[in-house]
Amino acid sequence: MATSTNQIVLKEAERSMTICNACRHCEGFCAVFPAMERKRVINGQDLKLLANLCHNCRACYYACPYTQPHEYNLNLPRTLSELRLATYQEFAWPSCMGFLLERNARATAFLAVLSVVFVFCFALIFQGPEILFTRHLGPGAFYTIAPYPAVVIPFSLLALGVLFLWAMGVWRFWKAIGAPFSALRDISGHIHALKDMLTLRSLGGVGRSYAAPNKTFAMARRSLHHAVFYGFVSCFLATCLAFLYEHLFGWYAPFPYYSLPVILGTLGGLGICCGSAGLFFLQNQTEEAAFSPLARRMDKAFLILVFLTSFSGLALLVFRETHAMGLLLTLHLGFVLAFFLCLPYGKFLHALYRYFALLRDIQEQRSGSSTSLHG
Ligand code: SF4
Ligand code: SF4
């Protein structure tokens, strides 16, 4: 069933690209069109690369005269988002876990509830209600509720597991787009791809589309993406700093409000909360037809999960000196656990595969790749 669906999606993507390659009206919007124009004939591996270069800004949808009711019935963002989802399933490792991408919203909700209940029950059983619901103050207060090894060991193992699953997926993707292993060692390509990712250059495409309605909203999407992305970076730095504080200086969390880990964590949490809430709002404002329903549900599930994760972290910061601290800490750890579990089979794959699609695209630009045979 999955194979036949992929074939249908691939056929539609091939049809769309053939029309776009003749039209070329949208060539200034994003990286997809110049990459497409470099090919004389577009095959399956090219389509998988192009689908992952797309950022779903929908600029081409608004500009296109061939969308419904035109007989071509072209809908490039939706076709590419369906193909992208199919690639995530195809490259998921182990393959049997691909179903998590097909029913991603339900899987995310289920994992979130399960993780929160698991962490809460774990704390309740091993620490007891008198510790969980008591007020704890001073350095090491968090570890009274969630002992250090019970937090650090499972989360470190989980992080290593996520990195391994990502590496397996990326390797499958890299082979499927016909790229050699040696191309992964291209340092200048990595620098360019990273620069593109950090600036979200392609999300500016909709600003260049004269036909895009609500252009301000559409451009706001880039700022909100930045808020979420740099929010994650800030929270990651806060975690690293907290680790150093504890291991180098013997200072234990919770840290003072004016300490660097707390400042970075707070800014990161606010960025993620505002960015994810804004993106969720924009999802409801944008043209439904230009989005695969499955991809839309996956995006919303991811946005809700990251919002709850950061919001529970901020609530913990505010109420950490009250009796609610134990409950909030288990809630936050539960959402963080669900977030980690969803990383290898969810929306985050977009950032991962897009990065490697950009890297390949940069390499093809340099080598002036121009030919492909039907595969
Ligand atoms: S999306 Fe439509 S307007 Fe844009 S290049 Fe393709 S066919 Fe032309
Ligand atoms: S939706 Fe945006 S990123 Fe995707 S092909 Fe169209 S213009 Fe490019």
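As the structure lists them, so they are numbered: ligands from 1, and atoms in each ligand from 1. We're numbering straight along the sequence, starting at 1.
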For this session: List every atom of ligand 2 that sits less than 4.0 Å from any heavy atom of His55, numbering the atoms from 1 in the order shown and giving each element.
Result: 3 (S), 4 (Fe)
Problem set entry | Atoms in ligand 2 flagged as close to Cys30, the criterion being non-hydrogen separation under 4.0 Å | 3 (S), 5 (S), 7 (S), 8 (Fe)
For this session: Indicate, as side chain, backbone, both or neither, the part of Leu74 found under 4.0 angstrom from ligand 1 when only non-hydrogen atoms are considered.
Result: side chain
Exercise. Does ligand 1 have any atom sitting under 4.0 Å from a heavy atom of Pro65?
Worked result: yes
For this session: Could you list the atoms of ligand 1 found under 4.0 angstrom from a heavy atom of Tyr66?
Result: 7 (S)
For this session: Keeping the roles fixed (side chain from Asn75, backbone from Ala289), state whether a donor-acceptor pair exists under 3.5 Å.
Result: yes
Problem set entry | Within 45° cone of Tyr257 ring axis and under 6.0 Å: Arg320 NZ or CZ | yes
Exercise. Is the closest side-chain heavy-atom distance between Leu49 and Glu364 below 4.5 Å?
Worked result: yes
Exercise. Numbering the atoms of ligand 2 from 1, which are under 4.0 Å from a heavy atom of Cys57?
Worked result: 1 (S), 2 (Fe), 3 (S), 7 (S)
Problem set entry | Any N, O or S atom of Cys26 closer than 2.8 Å to atom 4 (Fe) of ligand 1 | yes
For this session: Give the residue and atom name of whichever protein heavy atom lies nearest to atom 6 (Fe) of ligand 1, and the separation in Å to one decimal.
Result: Cys20 SG, 2.4 Å
Exercise. If you draw the axis of the six-membered ring of Phe280, does the NZ or CZ of Lys300 fall within 45° of it and under 6.0 Å from the ring centre?
Worked result: yes
Seminar exercise, completed: Under 4.0 Å from one or more heavy atoms of Cys23, ligand 1 contributes atoms 3 (S), 5 (S), 7 (S), 8 (Fe)
Problem set entry | Any Phe33 side-chain heavy atom under 4.5 Å of Asn21 side chain | no
For this session: Give the atoms of ligand 2, by number and element, whose distance to some non-hydrogen atom of Arg58 is under 4.0 Å.
Result: 1 (S), 2 (Fe)
Exercise. Can you list the atoms of ligand 2 that are under 4.0 Å from a heavy atom of Cys54?
Worked result: 1 (S), 3 (S), 4 (Fe), 5 (S)
For this session: Show which atoms of ligand 2 fall inside a sub-4.0 Å distance from at least one heavy-atom site of Cys60.
Result: 1 (S), 5 (S), 6 (Fe), 7 (S)
Exercise. Out of Trp166, Phe356, Phe91, Tyr355, which one pairs with Phe173 under the ring-ring contact (aromatic ring centres under 6.0 Å, His included) rule?
Worked result: Phe91
Seminar exercise, completed: The atoms of ligand 2 lying under 4.0 Å from a heavy atom of Pro77, numbered in the order shown, are 1 (S)
